[in-house]
Amino acid sequence: MSSAQHKKVIESHVVAVCAHNIDEIMSYYDPNCEVSFDGQVVMRSKDDIKSKTEKWLLDPNYKVEIVDFLPVEGDDRIQFILLFSRQGKLRLQKWYTSQTDKSKKKITREIIAAVLSRKPKMSSFLEWKDLKVVYKRYASLYFCCAIEQDDNELLTLETIHRYVELLDKYFGSVCELDIIFNFEKAYFIFDEFILGGEVQETSKKSVLKAVNDQDVIQEEELEEKRSVLEDLGLA
Amino acid sequence: MKFPDLSMSNPVRLRELIRQIRSAKTAAEERAVVQKESAYIRDAFRDEDNTWRCRNVAKLLYISLLGYPAHFGQLECLKLIASTRFTDKRIGYLGAMLLLDERQDIHVLITNSLKNDLNNSNEYVAGLALCALGTICSPEMSRDLGGEVERLMKSSNVYLKKKAILCAVRIIRKVPEQFDVFQNSVRSLLSEKHHGVLLTATTLITEMCQQNTQALQVFRNLVPNLVRILKNLIMAGCSPDHDVSGISDPFLQVHLLRLLRVLSRNDNEASDSMNDILAQVSTNTENSKNVGNAILYETVLTIMDINSESGLRVLAVNILGRFLLNTDKNIRYVALNTLLRVVHADQNAVQRHRATIVECLKDADVSIKRRAMELCFALMNKNNIRTMTDEMLDFLGTCELEFKSDCTSNMFLAMDRFSPTKQWHVDQMIKVLTTAGNSVRDDIVSSLIGIISSTPDLYGYAAHQLYKKMQNDITQQPLVQVASWTLGEFGDLLVNQQPQNEENLRVVEIEIIDILERILNSSLSTVITREYAINALMKLSTRFPNCSDRIQSVMTYYACNMNLELQTRAVEYTSLFTKHNIIRSSIVERMPVLISNQTSNTNSSEPEESIINSKENSPVNGKHEHVPSDEPINLVNILNDPIQTTSGTLNPNHSSSLFNPLEDSLFDFDTPTNPTTKSIPSMTAIDKNGIRMIFTFERDNTTLTINSKITNSTQYSITNFIFKAAVPKTFNIDLYPASSTTIPANNSGDIQQIIKITNPNREKIRMRIKLNYQVNNTNMSDEAELNTFPEQCYN
């Protein structure tokens with residue numbers, strides 16, 4: 001059940017739930033909602049609800065009313081990001097929520113189809129299930145971020161743009177082929193800019209310095225390896 | 001720029017593989033290349049080839065991006081991470097983030113390597129570990145590594161510090177108890193100057209406040225600091241590295257505004273202290289580019305969400321009004337979305353932008369259209385219902401199919417609440433039905449029938465209007481259903497009272513019968529529509545005695561129809577023509593006024609409702625309505641029809657909103673409403689999938705005690721039985737625990753549960769119930785809406 005549907009159900013009905021069945025309450029629990037019991041206690045996590053209701057559960061006549069679901073404040077946390085070409089070929093993907101391979105593929109397929117079918121004059125936002133997909137096309141590549149419904153879409157567009165700027169600076173006027181042949185670099189840049197779905201660094205210089213410094217370490221190691229191999233007469 | 005190459009020599013370098021795959025001309029060719037390479041990589045992994053492991057994993061990552069299986073590389077990633085070479089680690093962590101997550105048990109094996117790397121003296125090695133932790137950290141890892149992350153959060157190295165802070169966000173999301181670990185190191189973070197640290201710290205504090213109300217109280221005194229940081233940020237000179245088109249670090253600004261909102265929601269003092277800065281941001285932010293609007297948008301959200309000054313709120317709604325006029329679709333979308341969130345708090349302020357919002361209904365973008373539609377419905381009221389209905393009808397005519405059913409349902413609700421006259425209401429609803437065609441929800445049909453039924457003045461008029469529509473087109477099922485019902489009930493009025501000012505030809509009986517027969521026979525009609533039609537014909541057999549023979553022959557013909565419902569009805573009706581002709585006229589007597597759910601929902605406070613009720617119950621009008629109520633008992637005996645006994649009681653197999661045409665006039669009175677008996681008749685709440693739930697009632701003034709008895713006729717016993725019930729807000733419900741959660745099979749026992757309902761207003765009781773249970777280890781669930789409680793329960 002989506003949190004919006006959820007709230008709707010609760011708003012129109014006062015739901016009485018038999019108290020001896022805490023697991024039932026748990027099935028009502030939506031990780032995107034805060035729950036307030038008895039109108040006072042606001043709880044966020046499952047464990048929290050469990051511990052706080054336990055003492056009431058001993059009373060056989062107790063009734064638990066779920067009186068309110070407050071939406072949790074959105075953050076700019078990106079749920080996942082996809083880069084794909086106009087032909088629908090995936091170029092980069094990064095997931096911050098745990099998904100099975102099968103569902104990743106399914107989501108990717110559906111989102112690519114939905115975004116590609118949008119007309120050029122449409123907005124950059126696509127409501128997709130519980131999520132909002134913010135996408136922008138740069139030349140032949142679509143950059144596409146899935147965020148939660150309450151997040152700031154306009155800022156997500158800026159995040160995408162900043163990433164494109166970073167790629168551009170690193171590769172020197174980036175094109176799709178750069179990202180195909182150096183996909184790992186594109187990942188490295190992304191990981192210095194975003195961590196766990198949140199922006200970690202707003203300075204372009206700092207991001208690029210971190211990536212370049214690490215490239216230098218790699219290069220040094222490569223030289224070393226080459227010389228070892230040369231010594232062994234392999235190169 | 002030159003790139004260090006990961007691969008060195010034979011067999012195939014990474015870039016070479018990519019080239020090969022790209023040069024494949026067909027999908028089959030590509031598959032062949034990938035399969036050959038996968039097989040080679042597998043072999044190399046099996047041989048524990050250390051030299052090329054890094055390159056092989058990199059190749060595998062590319063292959064996995066194309067959608068080919070790569071799970072066999074998971075363990076190799078762990079080996080790379082454990083290596084001492086930086087190149088290995090870098091690719092190893094990348095692979096781990098892409099191929100591993102908490103679903104695979106193997107991911108815990110990474111914990112030890114992570115711990116070592118977090119303590120590595122090289123900041124980039126520790127940075128890689130933090131990045132991986134922030135991406136794939138599981139609850140177990142959160143517990144094991146919380147301490148390391150906290151230590152790095154206090155590091156003087158900002159590169160590690162900001163990463164550690166975001167890891168902490170992930171950790172407390174996964175395991176809220178870890179909150180205590182980070183609690184004390186947070187506060188000092190805000191005194192940093194580094195943007196990355198400030199940004200991530202804001203994110204962490206926001207997360208903490210959302211999780212924990214105590215933290216919210218504690219952090220509330222940070223408001224002045226945050227206001228100062230925001231102020232300095234705006235005043236600060238240009239810093240091209242962080243800025244976006246001349247606006248200082250928008251990422252940080254938005255995060256600060258959001259944290260301020262979280263901290264001062266429902267707090268007057270905190271709200272007051274940020275009025276100035278919010279006003280400053282909303283007036284000074286340059287709005288020609290997306291980035292400025294991103295900040296304005298966040299500011300509006302904050303203003304509307306906290307206890308801000310009224311002047312500020314007007315300013316905020318005006319910003320949204322400006323957004324609506326923006327040429328950028330994204331901005332318009334955001335504006336509609338936000339207006340929708342604030343419309344209930346500031347109706348009038350939003351109302352001023354109505355014309356612009358209506359314009360957005362014509363937008364090419366479906367997301368914008370949908371928001372505009374929702375907003376239009378939120379803005380409908382008594383004063384603008386006429387113009388808005390016209391606008392929405394235009395919209396309904398042109399919009400995509402996906403909008404139609406939502407749009408009609410909402411129009412119906414709005415008209416139900418605000419329609420100025422009943423006639424207008426019926427007219428508009430007929431228009432809605434003709435415009436929306438077949439994408440109308442079932443409940444609209446029954447609700448419209450309810451409205452017509454509750455307005456005796458309009459019987460003839462409605463029949464006439466609907467008849468006219470049907471002459472042109474009988475393919476629009478919902479319209480045809482309403483029309484069939486109306487013609488069946490009031491066909492005689494249609495023939496007798498022709499509207500004066502219509503120059504149309506008189507409608508004659510035979511024409512009505514013709515059209516209903518056409519509907520019944522049409523291959524385009526759905527079964528439900530045909531049920532409506534056959535019922536209507538039956539009713540007309542007494543209203544139009546001259547056509548009685550013809551109708552009887554239709555019934556005889558349908559008595560062997562392939563559709564069971566139609567056949568059953570036809571057989572019953574045929575026997576009414578023959579064996580039981582005497583009672584036929586009283587059985588198909590005009591129906592009592594229907595009370596639709598929707599009407600009682602929205603109009604409960606309005607006088608119309610009470611009129612309907614009093615009409616139904618007053619002895620004068622009651623006379624002809626009560627005639628049929630004596631009949632059903634006989635009817636059950638006469639017709640000897642097994643289906644009927646179940647269809648008379650409430651039958652939850654039909655969706656709650658679906659108005660079953662075959663139950664309407666005949667079987668609505670199955671529960672005898674004899675006023676002399678004191679006891680309240682029992683009621684079958686649900687009888688489905690072998691589970692039968694019987695309600696018996698005891699009433700004490702406004703308190704109704706329901707004893708429910710649940711039996712199980714299946715051959716399996718039912719376990720984990722849970723009964724849930726919900727009632728509208730005007731009632732109060734107490735659900736006592738059930739005597740057991742297991743119901744033995746084959747009706748060999750029952751369980752009982754007491755439900756207490758307090759009904760201070762003595763309203764008609766409505767209840768929604770839900771059953772969850774397990775049969776034979778499969779989870780089952782049933783739902784039903786109960787609105788046929790015996791009248792004695794509440795009146």
Side-chain angles (χ1 to χ4, degrees), chain A residues 13-18 20-21 24 42 44-45 47-48 60-61 63 72-73 75 90 93 96 98 100 105 119 121-127 152-155 157-158 171-172 180-185 187 191 195-196 198-206 210 213-215 217-219 221-222, chain B residues 1 3-4 15 18 58 62 65 67 85-87 90 94 101-103 124 131 134-135 159 162-163 166 169-170 176 195-196 199-200 203 206 210-211 213 241-242 244 249-252 254 262 290-291 293-294 297-298 329-330 333-334 364-365 367-368 722 724-726 729 733-735 737 768:
Chain A
H13 291 93
V14 177
V15 178
V17 184
C18 275
H20 59 232
N21 211 314
E24 261 310 293
V42 178
R44 173 84 187 276
S45 76
D47 296 340
D48 204 9
N61 287 332
K63 153 193 107 170
V72 169
E73 191 59 39
D75 38 48
L90 189 62
Q93 59 175 336
Y96 293 104
S98 174
T100 59
K105 273 189 193 160
K119 298 187 182 70
K121 285 202 165 168
M122 293 183 168
S123 72
S124 300
F125 313 129
L126 175 74
E127 281 160 37
N152 188 329
E153 309 86 336
L154 299 180
L155 191 73
L157 279 177
E158 290 303 319
F171 289 107
I180 295 173
F181 280 98
N182 301 286
F183 69 96
E184 82 282 6
K185 301 289 180 200
Y187 276 119
D191 286 337
L195 196 156
E198 304 273 5
V199 176
Q200 58 167 310
E201 180 58 69
T202 57
S203 153
K204 284 177 257 183
K205 269 188 206 147
S206 310
D213 282 0
Q214 294 176 66
D215 288 348
I217 304 180
Q218 262 188 287
E219 233 163 324
E221 280 184 350
L222 201 66
Chain B
M1 159 142 223
F3 307 112
R15 318 294 167 207
I18 297 176
Y62 184 77
L65 194 59
R85 280 182 71 212
F86 183 76
T87 311
R90 207 178 184 195
L94 180 64
D101 69 21
E102 54 191 279
R103 278 164 203 280
Y124 291 117
C131 184
T135 309
Y159 178 74
K162 65 187 188 199
K163 283 179 193 279
L166 287 183
V169 174
R170 167 101 183 183
H195 281 218
L199 181 75
T200 49
T203 310
T206 312
Q210 282 166 3
Q211 282 211 351
T213 36
D241 200 27
H242 296 98
V244 178
D249 201 338
F251 301 96
L252 186 53
V254 166
V262 172
N290 175 64
V291 54
N293 288 320
Y297 170 41
E298 200 67 37
K329 289 195 185 279
N330 296 337
Y333 170 86
V334 163
D365 186 329
S367 313
I368 292 184
I722 295 142
K724 281 184 280 189
K729 275 178 178 163
I733 184 167
D734 268 318
L735 209 54
R768 184 176 298 217

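Throughout, protein chains are lettered first and strands after them, A, B, ... in sequence-line order, and every chain is numbered starting at 1. Only this structure's heavy atoms are used, side chains among them; waters, hydrogens and symmetry mates stay out.
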Side chain, backbone, both or neither: which part of [X] has a heavy atom under 4.5 Å from chain A?
{"X": "B/Lys162", "value": "side chain"}
{"X": "B/Arg85", "value": "both"}
{"X": "B/Leu94", "value": "side chain"}
{"X": "B/Leu65", "value": "both"}
{"X": "B/Tyr333", "value": "side chain"}
{"X": "B/Tyr62", "value": "both"}
{"X": "B/Asn293", "value": "both"}

Non-hydrogen side-chain atoms of B/Tyr297 and A/Leu155 separated by less than 4.5 Å: no

Side-chain touch A/Asn182/B/Arg15, heavy atoms, less than 4.5 angstrom: yes

Contact winner vs chain A - B/Ile18, B/Ile368, B/Asn330, B/Leu166, heavy-atom pairs under 4.5 Å: B/Asn330

side-chain contact (heavy atoms from CB on, under 4.5 Å) evaluation trace for B/Leu199 with A/Glu201: CA-CA 8 Å; B/Leu199 181 75; A/Glu201 180 58 69; over 6 Å; no

Carboxylate-amine/guanidinium proximity below 4.0 Å for A/Glu219 and B/Arg90: no

Atom of A/Ser203, atom of B/His242 and distance for their closest heavy-atom approach: CB-NE2, 3.4 Å

Heavy-atom pair of closest approach, residues A/Gln214 and B/Tyr159: NE2-OH, 3.4 Å

Under 4.5 Å from any heavy atom of chain B - which part of A/Lys105: side chain

Test item: B/Asn290 side-chain N/O and A/Leu154 main-chain N/O as donor-acceptor pair under 3.5 Å: yes

Side chain A/Glu221, main chain B/Phe86, donor-acceptor under 3.5 Å: yes

Working for side-chain contact (heavy atoms from CB on, under 4.5 Å), residues B/Thr87 and A/Leu222: CA-CA 8 Å; B/Thr87 311; A/Leu222 201 66; over 6 Å; no

Return the [atom1] to [atom2] distance between [X] and [Y], rounded to the nearest 0.5 Å.
{"X": "B/Asp241", "Y": "A/Thr202", "atom1": "CG", "atom2": "OG1", "answer": "8.0 Å"}
{"X": "A/Lys121", "Y": "B/Lys329", "atom1": "NZ", "atom2": "NZ", "answer": "7.5 Å"}
{"X": "B/Thr135", "Y": "A/Asp191", "atom1": "OG1", "atom2": "CG", "answer": "6.0 Å"}

Test side-chain contact (heavy atoms from CB on, under 4.5 Å) applied to A/Phe125 and B/Val334, step by step: CA-CA 9 Å; A/Phe125 313 129; B/Val334 163; 4.0 Å; yes

Top of A/Ser98, A/Gly172, A/Ser206, A/Ala210 for chain B proximity - count of heavy-atom pairs under 4.5 angstrom: A/Ser98

B/Tyr124: partners by side-chain hydrogen bond (donor to acceptor under 3.5 Å, both in side chains), with sequence neighbours left out: A/Asp213

